[in-house]
Amino acid sequence: MESDGNQIIALRREKAARYREEGADPFANDFKPDATTAKIRDLYGEKDAEALAEVETEYALAGRILALRSFGNMAFLDLADRTGKLQIVASKKVLGPEAHKDVVKKWDIGDIVGVVGTPTRTKTGELSIMAKSAHFLTKSFRPLPEKWHGLTDMDTRYRQRYVDLIVNPEVKDVFLTRSKVVAAIRRYFVGHDYTEVETPMMHPLAGGATAKPFETYHNALDMPLFLRVAPELYLKRLLVGGLERVFEINRNFRNEGISIQHNPEFTMLEFYQAYAVHTDLMDLTEELMRELVREVHGDDLTLPYAQETIDFSKPFPRLTMEEAVLAANDDLSEGDTRNRDKLAAICKRIGQEVKADWGWGKLLTVVFEETVEKSLRQPTFVHGFPVEVSPLARRNDKDPEIADRWEFFIVGREHANAFSELNDPDDQRERFEAQMKAKAGGDEEAQPFDADYIRALEYGMPPAAGCGIGIDRVVMLLTNQPSIRDVILFPHLRPESGRGE
RNA sequence: GGGGCGUUAGCUCAGUUGGCAGAGCACCGGACUUUUAAUCCGUAGGUCCCGGGUUCGAAUCCCGGACGCCCUACCA
């Protein structure tokens with residue numbers, strides 16, 4: 001590592017060695033805090049200096065030193081724990097000359113320490129703890145980033161998230177919110193009589209979504225395995241097994257590009273409900289989204305996102321893909337939305353590839369993605385997806401070329417995908433065969449033929465609807481973060497170079 | 001994949017026409033009993049991303065490479 005020759009690190013190691021020489025442990029674990037900085041603020045935040053002077057209760061706090069302002073016989077340090085920061089006063093008079101000298105001479109910004117003391121208010125009015133005893137716990141060898149500019153390099157922030165979390169408190173808030181959101185989702189589904197399940201992450205066949213998988217290998221079984229691209233086919237096997245309402249929150253892996261809204265592993269919520277149709281899940285998703293906004297932002301159902309304000313208070317509009325495409329393309333008139341030639345002409349005009357074996361359904365979807373998707377800023381459901389691009393979805397009873405499927409858009413991005421499930425094993429077999437043909441034609445993302453899934457359907461899967469929601473994107477939205485990397489603790493990055501060994 | 005920008009002290013960044021490698025903070029020494037970017041005085045700290053080339057002389061110019069960011073294309 002780059003520590004060699006670093007003077008600061010060497011000096012801090014020396015300080016640790018000095019502790020050892022004196023019989024103390026620079027990595028002690030003999031201190032139990034009995035309070036948090038938040039508790040002190042809650043209890044005494046409103047009390048004035050006179051009232052605090054009366055308080056004799058001593059509190060034990062532990063945390064990391066984020067700042068140290070030292071005077072001759074007095075020092076102030078900012079102590080950070082999981083709940084926030086609080087100032088500690090280290091006075092020679094109160095602490096005694098030896099302990100005070102330790103604080104001033106041996107303690108560094110970044111060290112983890114414990115103090116026991118009483119609440120007080122300093123002359124400048126800041127609530128603090130007047131330390132009566134000081135306990136050194138953990139030496140920090142590496143200096144924290146500079147105090148004023150802090151750590152701003154995005155690459156370092158992602159690679160060394162631990163440092164990012166120490167010095168950028170709003171980062172911790174994002175991940176605390178993420179945790180709350182996921183907990184709220186669990187609460188919501190459990191409250192609606194769903195069962196949480198965990199299905200395989202390693203699949204012999206990577207099905208359930210049109211995506212390129214990661215491949216790995218099982219040595220003992222001598223077989224290739226794929227990291228899952230979606231849990232869908234396993235969750236629907238559970239519907240066959242009689243688990244009528246299931247959900248899973250877990251990682252999917254797709255061997256595709258990395259961008260501001262794509263990480264190779266991302267967290268997906270999928271849920272399936274027997275005897276529901278796709279429109280039932282629109283209602284459910286609308287309610288769930290409002291619940292999550294409320295969880296994070298309270299009862300005001302609007303959300304700031306970048307320069308926009310997203311309004312969740314009104315019913316989310318629902319329009320068909322054909323309506324949306326018609327409205328966005330003046331050169332298309334009613335009745336043209338299934339005209340392959342007209343759609344192909346638009347594709348060519350907007351510079352999109354048109355393959356010979358693509359039907360109107362695929363072309364309509366391309367035109368939708370290119371001309372409509374980005375404009376869907378407010379919460380919007382788009383339904384009426386072509387069967388051609390929906391290999392696992394149920395056909396509409398009246399319009400067999402359309403699947404009972406919808407996607408949910410906000411800020412021009414897809415956030416959810418849902419459909420009434422195809423449970424006719426013969427229809428499903430034919431759809432898989434069409435996918436096989438596409439695969440043979442060079443489509444790397446076409447789904448594999450899953451014979452066991454067909455067998456499961458042949459036992460009879462209850463009519464059902466299912467939905468997938470990208471949790472990372474939802475968290476981006478709820479925490480107003482521009483990049484998926486800002487809501488994933490350790491986003492995928494290239495390995496650091498020049499670190500060979 | 002295509003285009004643009006960047007990489008200099010632990011951190012954030014300057015660096016003029018090619019002429020001794022710089023600042024602030026952090027660190028170290030000193031002063032200071034109410035600071036909160038503490039202040040003041042002093043010291044120390046460098047593979048200028050890497051490898052070639054041009055030149056008397058390269059952080060600076062040229063070529064190649066690595067890494068990162070932004071835009072763009074594909075996927076959730």
Side-chain angles (χ1 to χ4, degrees), chain A residues 2-12 14-15 49 66-78 85-95 100 104-105 108-110 120-128 130 140-160 163 167 209-213 229-230 251-270 351-353 366 369-370 373 407-409 413-417 444-445 468-474 476 482-485 493-499:
Chain A
E2 75 271 30
S3 63
D4 308 273
N6 184 314
Q7 185 197 10
I8 293 173
I9 291 174
L11 281 161
R12 289 186 171 204
E14 275 173 34
K15 285 185 188 175
L66 288 191
L68 203 161
R69 297 173 290 281
S70 173
F71 296 76
N73 294 309
M74 196 88 161
F76 301 90
L77 32 153
D78 294 345
K85 273 199 284 190
L86 193 71
Q87 179 169 273
I88 307 297
V89 181
S91 149
K92 190 188 263 181
K93 203 168 142 194
V94 177
L95 207 48
H100 176 264
V104 172
K105 292 289 172 186
D108 288 307
I109 292 169
T120 185
R121 207 169 272 285
T122 60
K123 274 184 188 165
T124 52
E126 178 154 346
L127 179 67
S128 309
M130 178 62 73
S140 167
F141 289 158
R142 288 177 180 270
L144 290 174
E146 188 251 2
K147 65 188 168 194
W148 184 238
H149 296 94
L151 178 62
T152 55
D153 179 71
M154 293 309 286
D155 188 53
T156 309
R157 289 184 51 199
Y158 296 140
R159 281 189 201 284
Q160 296 182 248
V163 179
V167 300
T210 50
K212 281 177 238 165
V229 296
R251 229 64 66 77
N252 287 348
F253 307 86
R254 298 192 184 172
N255 204 342
E256 289 156 357
I258 295 173
S259 81
I260 204 156
Q261 46 174 328
H262 297 89
N263 196 60
E265 51 178 311
F266 62 100
T267 302
M268 187 81 152
L269 158 70
E270 287 205 7
Q352 289 301 308
E353 178 189 29
V366 170
E369 286 168 355
E370 294 303 316
E373 197 169 310
E407 288 188 355
F408 177 55
F409 297 89
R413 295 199 282 251
E414 181 192 338
H415 281 73
N417 176 22
E444 284 182 85
E445 296 182 358
I469 298 180
I471 296 301
D472 310 282
R473 288 188 181 176
V474 169
M476 283 167 70
S483 169
I484 195 167
R485 289 176 167 181
L493 302 166
R494 280 196 173 80
E496 284 179 88
S497 57
R499 289 287 160 80

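Chain letters run A, B, ... following the sequence lines, proteins first and then strands; every chain starts at 1.
- Nucleic acid contact for A:E370: sugar-phosphate only, since backbone atoms but no base atoms lie under 4.0 Å from a heavy atom of the residue.
- For A:I8 and B:C25, the CD1 to P distance is 14 Å, given to the nearest whole Å.
- One can place CD of A:Q261 at 13 Å from P of B:C70, the figure rounded to the nearest angstrom.
- Between A:G110 and A:L144, the closest heavy-atom pair is CA-CD1, 3.8 Å.
- Centre separation under 5.5 Å together with a plane angle under 30° does not hold for the ring of A:F71 and the six-membered base ring of B:C32, so they are not marked as stacked.
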Exercise for the section: For the pair A:N73 and A:K93, evaluate side chain to side chain contact (heavy atoms under 4.5 Å, CB included) and give the outcome as yes or no after the intermediate values. Expected result: CA-CA 8 Å; A:N73 294 309; A:K93 203 168 142 194; over 6 Å; no
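- Of the side-chain N and O atoms in A:R142, none sit less than 4.0 angstrom from OP1 or OP2 of B:C11.
- Spacing of C1' atoms, B:G3 relative to B:C50, comes out at 24 Å, to the nearest Å.
- Checking side-chain atoms of A:D472 against main-chain N and O of A:T267 turns up a donor-acceptor pair under 3.5 Å.
- Look at the C1' atom in both B:G52 and B:C13: the space between them is 29 Å, to the nearest Å.
- Between B:C74 and A:Q352, a contact under 4.0 Å exists linking OP1 or OP2 to a side-chain N or O.
- For A:I260, the listed nucleotide lying nearest its side chain is B:C71; candidates were B:C71, B:U34, B:C11.
- Taking atom P in both B:A14 and B:C28, one finds a spacing of 28 Å when rounded to whole Å.
- Across B:U16 and B:U35, the matching P atoms stand 42 Å from one another, rounded to whole Å.
- Not a single donor-acceptor pair under 3.5 Å links the side chain of A:R69 to the backbone N or O of A:F76.
- The side chain of A:P145 lies closest to B:C11, out of B:C28, B:C11, B:C75.
- Rounded to whole Å, the C1' atom of B:U17 lies 44 Å from the corresponding atom of B:G30.
- Between A:K105 atom NZ and B:G29 atom P there is a gap of 5 Å when expressed in whole angstrom units.
- B:U34 and B:C48: their C1' atoms are spaced 43 Å apart (whole Å).
- When heavy atoms are screened at a 4.0 angstrom cut-off, A:S128 is found touching no nucleic acid atom at all.
- For CZ of A:R121, the number of neighbouring non-hydrogen atoms (other residues, nucleotides, ligands) closer than 6.0 Å is greater than 12.
- Across all strands, A:K93 comes closer than 4.0 Å to base atoms (heavy-atom distances).
- Distance check on atom P: B:C5 versus B:U43 gives 41 Å, rounded to whole Å.
- Of the two residues near RNA chain B, A:N417 and A:D108, the one whose nearest nucleotide lies more 5' is A:D108.
- Rounded to whole angstrom, the span from the CD1 atom of A:I88 across to the C1' atom of B:U33 amounts to 17 Å.
- Using a 4.0 Å heavy-atom criterion, one finds that A:N263 contacts the bases of the nucleic acid, with or without backbone contacts as well.
- B:G68 atom C1' lies 12 Å from atom OH of A:Y158, rounded to whole Å.
- For the P atoms, the distance from B:G24 to B:A66 is 38 Å, rounded to whole Å.
- When distances run from any side-chain atom of A:T122 to the nucleotides B:U34, B:C71, B:C75, the shortest one goes to B:U34.
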Problem - RNA chain B base-pair string [pairs: Watson-Crick or G-U under 3.5 Å; |: paired with another strand] - result: (((((((..((((.....[..))))..((((.......))))......(((((..]....))))))))))))....
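- Distance check, rounded to the nearest 0.5 Å: CZ of A:R254 to NE2 of A:H262 gives 9.0 Å.
- Between A:R69 and the phosphate of B:A38, there is a side-chain N or O to OP1/OP2 separation shorter than 4.0 Å.
- The only option from A:T122, A:V89, A:L95, A:I88 that meets the side chain to side chain contact (heavy atoms under 4.5 Å, CB included) definition with A:M130 turns out to be A:V89.
- RNA chain B is contacted by both A:I109 and A:A67; A:I109 maps to the nucleotide lying nearer its 5′ end (nearest heavy atom per residue).
- Across B:U33, B:U35, B:C74, the shortest atom-to-atom separation from the side chain of A:S259 is found for B:C74.
- Among the atoms of the strands shown, base atoms are found under 4.0 Å from some heavy atom of A:G72.
- Separating the CD atom of A:E256 from the P atom of B:A73 is a distance of 16 Å, rounded to the nearest angstrom.
- Counting to the nearest Å, the C1' atom of B:U35 and the CG atom of A:L77 are 11 Å from each other.
- The side-chain contact (heavy atoms from CB on, under 4.5 Å) check on A:E407 picks up A:F385, A:R405, A:F409, A:E414, A:N417, with sequence neighbours excluded.
- Phosphate proximity of B:C32 to A:K92: absent, as no side-chain N or O sits under 4.0 Å from OP1 or OP2.
- Listed by chain and residue number, A:S70, A:A75, A:H100 satisfy the side-chain contact (heavy atoms from CB on, under 4.5 Å) test with A:V104 (two or more places apart in sequence, or in another chain).
- Counting non-hydrogen atoms under 4.0 angstrom, A:R121 reaches nothing in the nucleic acid.
- In this structure, of B:C74, B:C71, B:U33, it is B:U33 that holds the atom nearest to the side chain of A:S91.
- The distance between atom NE2 of A:H100 and atom P of B:U34, rounded to the nearest whole Å, is 12 Å.
- The 12-atom threshold is exceeded at NZ of A:K15, counting heavy atoms of other residues, nucleotides or ligands nearer than 6.0 Å.
- Set against B:C74, B:U35, B:C28, the side chain of A:F76 has B:U35 as its closest nucleotide.
- Distance from the side chain of A:P143 is smallest to B:G10 among B:U35, B:G10, B:C28.
- A:K85 comes within contact range of no nucleotide atom at all, as no heavy-atom separation falls under 4.0 Å.
- At a cut-off of 3.5 angstrom, counting only N and O atoms as typed in the model, there is no donor on one side facing an acceptor on the other between the side-chain of A:E126 and the base of B:U34.
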Exercise for the section: Evaluate the criterion side chain to side chain contact (heavy atoms under 4.5 Å, CB included) for residue pair A:Q352 and A:E369; output intermediate values, then yes/no. Expected result: CA-CA 11 Å; A:Q352 289 301 308; A:E369 286 168 355; over 6 Å; no
